[in-house]
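These notes are about the structure you will find just below.
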Amino acid sequence: LTQDELKKIAAYKAVEFVESGMVLGLGTGSTAKFAVDRIGELLRQGKLKNIVGIPTSKKTQNQAISLGIPLSDLDSHPVLDLAIDGADEVDPYLNLVKGRGGSLLREKMVEGACRKFVVIVDETKLVKHLGGSGLAMPVEIIPFCWKFTANRLQRLFEDSGCVAKLRTCFENGDPILTDNSNYVVDLYFKKDIGDLKAASDAILRLAGVVEHGMFIDMATTVIVAGEMGITVKNK
Ligand code: DER
């Protein structure tokens, strides 16, 4: 099975949790895309009714509009029934790294407002410890004096051999702008992050930081699609 087929299997499994009348958080990324497509398909077939979607990015908003999924926002629906979204890393305690697609702020706002947050991944996303895989742990920061903030972030974790890099557009090297007109600094760790709560608090204390991509204690269920089949992990 290809990685895409595994993502689709996990996504379709998660949509089985969706019931008519729900207010849903719609995730962002290649795995969540399959879930949003599936919700649109079931609505079209009349198998799902009265669904309201709250998108976690402009990209997902556009996808939902093209599928005819009725949309709303957190102002109108401060509590949601269920969110379905992907993740970049999942540790054994269901803590996540998200945001390599740059949507971490709106994802965290929407998914933090949900009664249930179902994460959908293929098995390559499973890690023993967050941050240890040498892949990016994203932090959304304001553009004002971004170098100052990036250096403070890097110094926070210098004993973990952390390197902070501004996320730039591949084509022209300009800083990537999030849906909220902010920048993203990616933190690369040589060792795993260790105490996630302490790392989260230290990052969020820095004025100029908006949010980071560690989703601690937020997922209620993680659906993993692997060569051996589907595993559903509950908190
Ligand atoms: O950027 C994000 O938060 C995405 O949800 C990411 O965590 C997963 O993206 P993928 O499904 O394309 O791997």
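First listed ligand is number 1; within each ligand, the first listed atom is number 1. Keep in mind that this is a model prediction, so the values were computed, not measured. Residue numbers count from 1 along this sequence.
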* Asked: Does the side chain of T28 pick up a donor-acceptor pair with the side chain of T56 at under 3.5 Å?
  -> yes
* To do: Would you mind telling me which of R100, K125, K128 makes a salt bridge (charged side-chain N to carboxylate O under 4.0 Å, His left out) with E89?
  => R100
* Asked: Y12: what forms a ring-ring contact (aromatic ring centres under 6.0 Å, His included) with it, not counting sequence neighbours?
  -> none
Less than 3.5 Å apart, N/O on ligand 1 and N/O on the protein: could you list those pairs with the distances?
| from | atom 1 | to | atom 2 | distance (Å) |
| --- | --- | --- | --- | --- |
| ligand 1 | 1 (O) | G99 | N | 3.4 |
| ligand 1 | 1 (O) | R100 | N | 3.3 |
| ligand 1 | 1 (O) | G101 | N | 2.7 |
| ligand 1 | 3 (O) | K98 | NZ | 2.9 |
| ligand 1 | 3 (O) | G99 | N | 2.9 |
| ligand 1 | 3 (O) | E107 | OE1 | 2.7 |
| ligand 1 | 3 (O) | E107 | OE2 | 3.0 |
| ligand 1 | 5 (O) | T28 | O | 2.7 |
| ligand 1 | 5 (O) | D85 | OD1 | 3.3 |
| ligand 1 | 5 (O) | K98 | NZ | 2.8 |
| ligand 1 | 5 (O) | E107 | OE2 | 3.4 |
| ligand 1 | 7 (O) | D88 | N | 3.3 |
| ligand 1 | 7 (O) | D88 | OD1 | 3.4 |
| ligand 1 | 7 (O) | D88 | OD2 | 3.0 |
| ligand 1 | 11 (O) | T31 | N | 3.0 |
| ligand 1 | 11 (O) | T31 | OG1 | 2.7 |
| ligand 1 | 12 (O) | S30 | N | 2.8 |
| ligand 1 | 12 (O) | S30 | OG | 2.5 |
| ligand 1 | 13 (O) | K125 | NZ | 2.6 |

* According to a 4.5 Å side-chain heavy-atom criterion applied to Ile, Leu, Val, Met, Phe, Trp and Tyr, with indirect links allowed, do M218 and L94 form part of one hydrophobic cluster? -> yes
* Asked: Can you list the residues that meet the ring-ring contact (aromatic ring centres under 6.0 Å, His included) rule with F157, with sequence neighbours excluded?
  -> F189
* Structure fact -> Contacts of E41 meeting salt bridge (Lys or Arg N to Asp or Glu O under 4.0 Å) (sequence neighbours excluded), chain-then-number -> R38
